[in-house]
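These figures come from a predicted structure and were not determined experimentally. Letters go in sequence order (proteins before strands), and every chain restarts at 1.
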Number of protein chains: 2
Amino acid sequence: MRSYDQYCSVAKSLDLVGDRWTLLIVRELILRGACRYTDLRNGLPGIASNLLADRLRELEQAGVLSREDAPPPIATTLFSLTPRGEELEPVLAGLFRWGIPLMGDQKPADVVKSHWLAGALEQMLVDHQPTGPEATIVLEVGNEPIILELRGGAVAVRTGRPKAADVKLTGPPMPIIGLLLGRLDPGDARTRVIDFQGDLAILDRLHASPGPAITLAADS
Amino acid sequence: MRSYDQYCSVAKSLDLVGDRWTLLIVRELILRGACRYTDLRNGLPGIASNLLADRLRELEQAGVLSREDAPPPIATTLFSLTPRGEELEPVLAGLFRWGIPLMGDQKPADVVKSHWLAGALEQMLVDHQPTGPEATIVLEVGNEPIILELRGGAVAVRTGRPKAADVKLTGPPMPIIGLLLGRLDPGDARTRVIDFQGDLAILDRLHASPGPAITLAADS
DNA sequence: CAGCATCCGCTTTGATACTG
DNA sequence: CAGTATCAAAGCGGATGCTG
């Protein structure tokens with residue numbers, strides 16, 4: 001990309017990561033860790049192969065990612081973020097958050113990947129009942145299950161094979177996200193989302209009102 | 001811009017603000033507040049006029065900014081961020097910070113505007129001596145003076161005409177930034193920078209070590 | 001002058017095919 | 001698997017012109 005030729009740190013940042021696809025490559029590496037070329041292609045549906053190669057070269061040049069040949073048994077090239085590249089995480093976190101309201105309508109052309117949703121949920125979810133028991137929520141959505149683990153006030157989000165779940169939600173992405181963020185109540189959800197299993201009360205821990213007593217106290 | 005067609009909040013964000021120039025327009029509106037078309041052109045040297053018009057239309061459409069005709073005496077159109085647009089501030093803040101290490105070499109082609117530097121400094125500076133007296137630092141750099149006001153632990157950064165200054169630094173941008181961030185000591189600075197006026201000790205308040213006593217305590 | 005729209009040459013991107 | 005090569009289409013930059 002042609003430089004903006006502005007002595008401004010935003011412009012200098014965008015000189016390096018402002019190209020089309022570039023921040024999505026960083027997204028993949030943040031969410032997935034070290035990736036093969038093919039993993040990146042799978043995580044970036046729509047990218048042209050030559051563009052991916054170009055971008056990887058530019059990002060390596062810029063010190064954002066590094067390329068290393070994995071040891072003999074694997075025999076492949078792995079791309080991963082450098083520490084400098086990982087410093088882009090706050091920028092990506094901002095974009096994950098800002099884009100949530102734009103995810104209302106999943107267009108027919110839209111591809112869904114579970115790890116993208118996991119990244120967004122990680123930015124948005126808080127356990128408002130930190131003293132509660134550990135709990136596991138599993139979402140069957142996208143191409144692989146998403147696992148939310150509530151423990152000590154934190155919500156860990158990952159994808160993969162779940163062992164056990166206190167609640168399991170199966171259905172299309174949008175109503176499930178709305179339900180988790182508290183923008184859709186279980187009544188509406190039942191008509192749009194598909195299937196609940198387990199104790200729905202656990203979902204209340206993700207919403208803002210810890211209980212009537214505190215709500216009343218805030219009102220007084 | 002063509003959509004990425006990915007059901008991911010980062011991709012959806014970039015569908016709206018990932019185009020060339022778009023985030024720099026948001027930068028201008030965050031730093032400057034409501035702007036006229038001409039103000040934006042001045043703050044975005046290098047942009048083609050038609051492109052600016054296109055982007056403003058797209059951003060208005062996306063709900064990021066609004067256009068309003070100022071009242072009669074002014075008779076111009078003002079562009080300003082909507083609340084939704086202001087929510088991009090964390091993203092811009094991230095880019096301001098991430099780009100600081102890229103500002104080493106001001107290339108001959110680079111344009112400098114003081115309000116860009118002000119935005120970067122606002123993200124980086126902290127007063128480590130919050131109980132100290134109020135102090136004003138003035139930077140004569142770029143096209144207009146930058147005023148740093150230390151008060152109660154906060155560092156307010158603005159551009160404009162200063163009233164009085166405890167320290168005044170005059171010179172090229174890079175060494176002045178280095179000096180403020182503590183990456184360049186006054187000895188080196190004197191050979192590269194320029195001109196000091198006033199009490200340089202105030203600059204120490206911007207650096208990490210609050211004093212020998214605390215440093216020793218931390219070591220023990 | 002402020003706020004665009006049009007035109008044109010150049011660069012970047014997208015889609016697909018091909019290779020060590 | 002990890003890329004190149006090719007070429008058409010889209011996007012961008014710069015100049016200029018138009019309208020209140």
Side-chain angles (χ1 to χ4, degrees), chain A residues 1-6 11 14-25 28-29 32 34-62 65-80 109-111, chain B residues 1-6 11 14-25 28-29 32 34-62 65-80 109-111:
Chain A
M1 175 187 272
R2 145 102 75 111
S3 168
Y4 287 109
D5 288 335
Q6 295 184 1
L14 294 176
D15 280 347
L16 296 188
V17 299
D19 266 326
R20 186 158 166 81
W21 291 107
T22 301
L23 281 172
L24 295 184
I25 292 172
E28 286 302 302
L29 292 171
R32 291 294 209 188
C35 285
R36 292 173 301 172
Y37 189 89
T38 312
D39 298 330
L40 290 170
R41 277 189 96 165
N42 290 335
L44 297 164
I47 197 173
S49 181
N50 56 350
L51 263 196
L52 178 55
D54 286 353
R55 295 288 182 269
L56 290 173
R57 231 190 323 272
E58 293 160 7
L59 287 172
E60 188 183 9
Q61 178 82 14
L65 59 78
S66 64
R67 167 194 320 246
E68 56 184 317
D69 294 331
I74 309 183
T76 187
T77 312
L78 284 179
F79 299 88
S80 53
D110 281 352
V111 179
Chain B
M1 173 188 273
R2 146 101 75 107
S3 169
Y4 287 108
D5 288 336
Q6 296 183 2
L14 294 176
D15 280 347
L16 295 188
V17 300
D19 266 324
R20 186 160 166 80
W21 292 108
T22 302
L23 281 172
L24 295 184
I25 292 172
E28 285 303 302
L29 292 170
R32 291 296 210 187
C35 285
R36 293 173 301 172
Y37 187 89
T38 311
D39 299 330
L40 290 170
R41 276 190 93 164
N42 290 335
L44 299 164
I47 196 172
S49 181
N50 57 346
L51 222 23
L52 177 55
D54 286 352
R55 294 288 181 269
L56 290 173
R57 228 190 327 271
E58 291 160 10
L59 287 172
E60 188 183 8
Q61 179 82 14
L65 59 78
S66 63
R67 165 193 319 248
E68 55 184 320
D69 295 329
I74 309 184
T76 186
T77 311
L78 284 179
F79 298 88
S80 53
D110 281 352
V111 179

Could you tell me the separation between the [atom1] atom of [X] and the [atom2] atom of [N], rounded to a whole number of Å?
X: B:Trp21; N: D:dG14; atom1: CH2; atom2: C1'; value: 12 Å
X: A:Asp5; N: D:dG14; atom1: CG; atom2: P; value: 10 Å
X: A:Tyr4; N: D:dG13; atom1: OH; atom2: C1'; value: 13 Å
X: B:Tyr37; N: D:dC18; atom1: OH; atom2: P; value: 17 Å

What are the two closest non-hydrogen atoms of [X] and [Y], and how far apart are they?
X: B:Leu29; Y: B:Phe79; value: CD2-O, 3.3 Å
X: A:Arg67; Y: A:Thr77; value: CG-CG2, 3.3 Å
X: A:Ser3; Y: A:Asp15; value: OG-OD2, 3.0 Å
X: A:Glu68; Y: A:Ser80; value: OE2-OG, 4.2 Å
X: A:Ile25; Y: A:Leu59; value: CG2-CD1, 4.0 Å

Legend entry - Near-strand residues of residues 48-58 of chain A, defined as heavy-atom separation under 4.0 angstrom from DNA chain D: A:Ser49, A:Asn50, A:Ala53, A:Arg57
Legend entry - OP1 or OP2 of D:dG3 under 4.0 Å from side-chain N/O of A:Arg67: yes
Inset, instruction - Considering only heavy atoms of chain A and a distance under 4.0 Å, specify the first and last nucleotide of DNA chain C in 5' to 3' order that meet this criterion. - result: C:dT13 to C:dA15
Inset, instruction - Determine, for A:Glu60 against A:Arg57, whether the closest basic-nitrogen to carboxylate-oxygen distance falls under 4.0 angstrom. - result: no
Inset, instruction - Would you indicate whether the side-chain heavy atoms of A:Leu51 and A:Arg20 approach each other to under 4.5 Å? - result: no
Inset, instruction - Kindly determine whether B:Tyr37 and B:Ser49 satisfy side-chain hydrogen bond (donor to acceptor under 3.5 Å, both in side chains), including the steps that lead there. - result: CA-CA 10 Å; B:Tyr37 187 89; B:Ser49 181; 3.0 Å; yes
Inset, instruction - Would you kindly compare A:Thr77 and B:Arg20 by the position of their nearest DNA chain D nucleotide and give the one closer to the 5′ end? - result: A:Thr77
